[in-house]
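See structure below.
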Amino acid sequence: MAQGTVQVTHGGASRWRRRSGEYPTLSAALAAAGDGDVLSIAPGTYRENLVLHHAVTLRGPEGAAAGSVRIAPLDGVALTVRASAVVQDLHLEGADRAAPALLVEDGCPELSDLRVHTRSSAGIEVRGGARPLVRRCTVENPAGVGISVLDGGGGVFEECEVVAAGQAGVSVRGGHPRLERCRIHHATGAGIAVTGEGSGLEALGCEVYEIKGSGVQIAARAAARLTDCAVHRTSADGVTLDTDAVLTLAGCDIHDIPENAVDLRSRSVLTLSRSTVRRFGRNGLSVWDPGTRVDAESCEIHDSTGDYPAVWISDGATVSLDSCRVHDVPDALFVLDRGSRVDVVDSDLTQVRNTAVSVSDGAGAQLDDCRIREAGTGAWFRDHGSGGILANCTIDDVQSGVIVTKGADPVVERCTVTSAAEAGFYVSAGGRGTFTACRVSGSSGFGFHVIDGCRTTLSRCHTERCARGGYEFAEDGPVAEGCTGDEPGPRLGARAAAGDVPAGAQPVVRAAAVPGPAGAPAAMPGQRPSDPGAPGAGDAADAGAVRGSGEVLGQLDALVGLDSVKREVRALTDMIEVGRRRQQAGLKAASVRRHLVFTGSPGTGKTTVARLYGEILASLGVLERGHLVEVSRVDLVGEHIGSTAIRTQEAFDRARGGVLFIDEAYALSPEDSGRDFGREAIDTLVKLMEDHRDAVVVIVAGYTEEMERFLTVNPGVASRFSRTITFGDYGPQELLRIVEQQAEEHEYRLGEGTGEALLAYFTELPKGPAFGNGRTARQTFESMVERHAGRVAQLAEPSTDELTLLFPADLPALSAPC
């Protein structure tokens with residue numbers, strides 16, 4: 001067959017009735033062809049606008065190279081299909097910005113192995129009643145939409161690829177296509193956009209990635225279902241729903257998103273099952289507006305790369321999580337505004353840097369049979385009208401278990417808090433709450449700490465092994481009924497009934513914590529605030545009395561390791577003390593800048609030393625209170641112009657008379673900051689430090705290299721800090737000592753050879769980015785206790801030695817380098 005000709009095999013009822021002919025143009029061949037005919041096109045470029053009115057087969061020659069047949073008219077539609085034709089192995093090109101390259105208007109054609117390389121309004125457009133089957137086709141259209149389905153169009157697209165699109169990769173308006181195992185990438189606009197009432201899309205096993213915009217957009221009463229799909233590497237949100245949109249995600253993976261992984265607004269509804277949301281820069285789920293709802297089952301949300309809550313619920317929206325996991329995030333669930341609600345059942349919230357569940361501004365939360373572990377705060381009910389129910393939940397290894405402040409009134413039933421660094425349950429600043437059959441064990445602070453005369457009710461609660469006491473109540477505060485504890489002399493307020501005090505204990509009335517400046521609520525012990533209205537933190541403030549500098553320095557000296565840090569702090573203390581005495585003697589005192597930079601890896605004691613430093617300064621009369629307010633970027637940086645300065649000012653005000661400790665301060669000045677508001681926080685902080693230089697001591701902390709960069713972002717930053725104190729990593733001997741202290745505190749002993757085995761273990765332990773220094777030592781001890789329990793539980797009547805001795809066999813296995 002000569003180049004540039006078309007051979008037509010005309011169909012017939014039997015083979016002998018078939019006939020063939022050659023035509024010089026495609027248009028001539030099509031004019032002569034009827035249903036069932038086969039048009040075989042010789043290699044070449046055809047500058048024709050083709051229209052298929054019959055059920056013919058249009059294909060390139062067998063054995064020819066891909067792309068050897070090019071349909072490339074100068075304008076208009078390259079190929080229009082209006083019948084149930086078969087089109088194979090063609091290369092289509094268009095140059096008309098007002099028309100698609102391939103238009104399917106009717107019938108159920110089969111289109112396979114086509115390459116559409118065009119600069120048209122759309123690469124492939126399906127409209128009307130057309131229902132094509134499109135297989136293994138590739139679309140590249142830098143000028144417009146990749147695939148467009150509209151006005152009642154539909155069809156199935158199998159193993160197709162939209163390589164690049166100047167607008168949406170796949171756009172659906174009034175159509176109902178199905179995508180199977182397709183790839184949409186490098187689009188400018190949404191990867192998939194479904195818009196308008198009556199529009200729908202189903203996608204199975206598809207991948208959307210490298211999108212300059214949102215990965216998937218469903219809007220204006222449209223609906224879609226994605227099954228076993230992946231959305232990743234977008235420049236905007238991963239998935240967006242707006243204005244009564246409905247979307248179902250089943251078995252999907254949304255990851256590596258710089259903004260919100262999923263954003264819903266205006267009465268949209270999302271159903272999630274067996275899906276994963278990970279590595280997102282803002283919220284994993286961002287849910288807004290009355291009527292907007294998310295129902296998630298067996299899903300996982302984790303590994304946030306930013307400083308925002310994993311799940312954000314506001315303006316009356318609702319979220320339901322069933323058998324889900326949220327972990328490795330700054331905050332897990334943030335619910336705010338009246339009418340907003342979260343319902344969580346049988347789910348895990350773990351490794352949360354700040355607050356696992358935060359409820360404010362009249363919102364509600366209900367958690368049933370949930371587990372919260374390794375968090376700053378387990379649950380925080382923040383203000384008036386905020387409440388909900390916590391039932392049968394366990395909260396472990398947190399700073400504070402449950403906090404209730406400013407008139408919030410939750411119901412907490414049958415919940416257990418273990419290993420809290422501060423209080424198990426903390427109520428202050430007019431908080432209320434009802435606590436029934438709750439337990440606290442192993443708290444380093446109080447079990448139940450209720451101050452400010454809060455009208456809280458406790459019934460049948462129990463505490464054990466709480467370092468500072470099981471119960472600490474203010475006068476005229478809570479009502480306690482049937483509460484027990486194993487601590488000697490728990491402190492119960494005047495309103496507790498005498499018969500409810502555990503045997504052998506006497507009720508003791510303690511003064512409330514010292515209020516903050518300008519009527520601010522009392523400081524929470526060691527609590528890290530997460531919003532502008534949060535109370536600060538401070539053991540010194542809670543104690544109601546300032547310890548002497550000698551006592552505090554003794555506690556500093558008792559810390560494992562940190563020799564150079566101790567010398568630095570003592571040198572500063574000596575300078576301040578001598579300066580004070582010179583002033584008393586009428587002499588000039590050298591000016592000592594008290595603001596500090598702490599550098600080093602996590603788990604090296606920076607927060608602990610900062611707290612002690614504040615107490616030392618209070619004991620010397622340099623600071624009024626010496627309490628610690630710990631904040632990070634999320635507490636200082638707002639989302640709108642002007643809000644950052646307000647947040648920073650409020651954090652500074654909470655720290656008046658004490659220490660403002662900014663952890664990971666370098667996050668305020670990211671290297672690719674652009675219009676980031678972190679710089680505004682730094683500028684505000686520098687000015688406040690100058691205007692109120694004697695009111696607050698500021699300590700900024702973080703990794704060494706990152707902090708060096710932080711000190712250069714503003715000319716005034718470096719000049720405000722007198723010195724940098726470096727916290728070195730703990731060596732094997734120091735880690736061993738920490739384990740020994742933990743064992744002694746928890747009434748365990750190291751058996752024969754265990755100390756040597758621990759020393760060898762810490763020597764061989766990989767020191768990668770995940771190495772937590774003191775935290776690693778404590779986790780090692782906890783793992784040993786768990787393994788010891790598994791061993792001893794098998795014994796019928798273990799002896800005291802068997803119950804207390806830890807042996808080398810109880811050591812966990814070494815993990816791979818991080």
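Hydrogens, waters and symmetry mates play no part in the numbers below; they use all other heavy atoms, side chains included.
- Between the CZ atom of R455 and the OG1 atom of T434 there is a distance of 11.0 Å, given to the nearest 0.5 Å.
- The structure places OG of S314 at 5.0 Å from CG of L336, a figure rounded to the nearest 0.5 Å.
- Residue V311 is tested with L349, V344, I301, V342 for a side chain to side chain contact (heavy atoms under 4.5 Å, CB included); the sole match is I301.
- Scanning all heavy atoms of the two residues, the minimum distance from A365 to V357 falls at CB-CG1, 4.4 Å.
- Partners of H232 under the ring pair (Phe, Tyr, Trp, His ring centres under 6.0 Å) rule, at least two apart in sequence or in another chain, are Y209, H255.
- In this structure, the separation between CG on L249 and CG on L272 is 5.0 Å, given to the nearest 0.5 Å.
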Checklist line | Step-by-step side-chain contact (heavy atoms from CB on, under 4.5 Å) determination, L270 to V262 | finding: CA-CA 9 Å; L270 170 67; V262 182; 3.7 Å; yes

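- The salt bridge (charged side-chain N to carboxylate O under 4.0 Å, His left out) contacts involving residues 439-449 comprise R439-E464, where partners must be two or more places apart or lie in separate chains.
- Judged purely by atom type and a 3.5 angstrom limit, Y471 uses its side chain to pair as donor or acceptor with the backbone of T484.
- Although no hydrogens or angles enter the test, the distance criterion places no donor-acceptor pair under 3.5 Å between the side chain of S286 and the main chain of N283.
- Applying the side-chain contact (heavy atoms from CB on, under 4.5 Å) criterion to Q741, with sequence neighbours excluded, gives V560, R737.
- The main-chain N or O of R382 is never found under 3.5 Å from a side-chain atom of S386 such that the two would form a donor-acceptor pair.
- The closest donor-acceptor contact from the side chain of S400 to the backbone of V402 lies at 3.5 Å or more, if one exists at all.
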Stepwise side-chain hydrogen bond (donor to acceptor under 3.5 Å, both in side chains) test for T405 and W380: CA-CA 8 Å; T405 54; W380 190 343; 3.2 Å; yes

task: Under the side-chain contact (heavy atoms from CB on, under 4.5 Å) rule, what do T456 and F448 come out as? Steps first, then yes or no, please.
output: CA-CA 11 Å; T456 300; F448 291 83; over 6 Å; no

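- Between D810 and R787 there is no salt bridge, since no side-chain N of the basic residue sits under 4.0 Å from a carboxylate O of the acidic one.
- The only option from L668, T599, V597 that meets the side chain to side chain contact (heavy atoms under 4.5 Å, CB included) definition with V700 turns out to be V597.
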Evaluate the side-chain hydrogen bond (donor to acceptor under 3.5 Å, both in side chains) criterion for residues S340 and D337: first the C-alpha distance (whole Å), next the side-chain angles of each, then the deciding distance (0.1 Å), finally the verdict. CA-CA 6 Å; S340 299; D337 302 324; 4.8 Å; no

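- Summarising the geometry of L367 relative to C393, their closest heavy-atom pair is O-SG, 3.6 Å, with the distance given to 0.1 Å.
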Original post:
Are D368 and Q366 close enough, and set up right, to give a side-chain contact (heavy atoms from CB on, under 4.5 Å), and what steps lead you there?
Top reply: CA-CA 7 Å; D368 295 285; Q366 179 161 348; 3.1 Å; yes

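- Remark: the backbone N or O of Q742 is paired with a side-chain donor or acceptor of H746 at under 3.5 angstrom.
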field: Intermediate values then yes/no, side-chain contact (heavy atoms from CB on, under 4.5 Å), L811 and M784
entry: CA-CA 5 Å; L811 272 166; M784 293 177 72; 3.9 Å; yes

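- Contacts of R373 classified as salt bridge (Lys or Arg N to Asp or Glu O under 4.0 Å), with partners at least two apart in sequence or in another chain: none.
- Aromatic ring orientation, F334 versus W312: parallel (interplanar angle below 30°, classes split at 30° and 60°).
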Apply salt bridge (charged side-chain N to carboxylate O under 4.0 Å, His left out) to residues D383 and K406 and explain how you reach the verdict.
CA-CA 4 Å; D383 46 31; K406 300 182 182 176; over 6 Å; no

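- Residues V352 and P330 share a closest heavy-atom pair of CG1-O, 3.5 Å.
- For D307, the side chain to side chain donor-acceptor pair (under 3.5 Å) test picks out R633, with sequence neighbours left out.
- Classified by interplanar angle (parallel below 30°, tilted 30° to 60°, perpendicular above 60°), the ring pair F727/F598 is tilted.
- With sequence neighbours left out, A437 forms a side-chain contact (heavy atoms from CB on, under 4.5 Å) with R414, R460.
- Minimum interatomic distance between A610 and I699 (heavy atoms only, all atoms of both residues): CB-CD1, 3.8 Å.
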Using side-chain hydrogen bond (donor to acceptor under 3.5 Å, both in side chains), reason through D397 and S419 one step at a time and then give a plain yes or no. CA-CA 5 Å; D397 193 11; S419 302; over 6 Å; no

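- Under the 3.5 Å distance criterion, the side-chain polar atoms of S443 are left unmatched by any main-chain donor or acceptor of C466.
- Ring-centre distance between H449 and F473: not below the 6.0 Å cut-off.
- Listed for the S347 side chain is a donor-acceptor partner under 3.5 Å among the backbone atoms of V345.
- The closest donor-acceptor contact from the side chain of T305 to the backbone of F280 lies under 3.5 Å.
- Qualifying ring pair (Phe, Tyr, Trp, His ring centres under 6.0 Å) partners for F381, counting only residues two or more places apart in sequence or in other chains: none.
- When every heavy atom of N392 is checked against every heavy atom of C415, the shortest pair comes out as N-SG, 4.0 Å.
- For E744, the CD atom counts as loosely surrounded, since its 6.0 Å shell holds 12 or fewer non-hydrogen atoms of other residues, nucleotides or ligands.
- In this structure a side-chain-to-backbone donor-acceptor pair under 3.5 Å is missing from D369 to A391.
- Listed by chain and number, the residues in a salt bridge (Lys or Arg N to Asp or Glu O under 4.0 Å) with D348 are R371 (sequence neighbours excluded).
- The line from CG of L285 to CD1 of I313 is 8.0 Å long, rounded to the nearest 0.5 Å.
- Sorted by first and then second residue, the pairs that involve residues 317-329 and meet salt bridge (charged side-chain N to carboxylate O under 4.0 Å, His left out), not counting sequence neighbours, are E300-R325.
- Partners of D256 by side chain to side chain donor-acceptor pair (under 3.5 Å), not counting sequence neighbours, listed by chain and number: R279.
- The residues R278 and D253 are annotated as salt-bridged, a charged nitrogen and a carboxylate oxygen being separated by less than 4.0 angstrom.
- Considering only residues two or more places apart in sequence or on other chains, D295 meets the side chain to side chain donor-acceptor pair (under 3.5 Å) condition with R293.
- For residues 354-364, no residue pair satisfies the salt bridge (charged side-chain N to carboxylate O under 4.0 Å, His left out) rule, not counting sequence neighbours.
- Checking side-chain atoms of T377 against main-chain N and O of A379 turns up no donor-acceptor pair under 3.5 Å.
- How far CD of E782 is from CD of E786: 7.5 Å, rounded to the nearest 0.5 Å.
- The two residues A480 and C483 have their closest heavy-atom pair at CB-SG, 4.0 Å.
- Atoms CG and CD, from L636 and Q649 in turn, are 11.5 Å apart once rounded to the nearest 0.5 Å.
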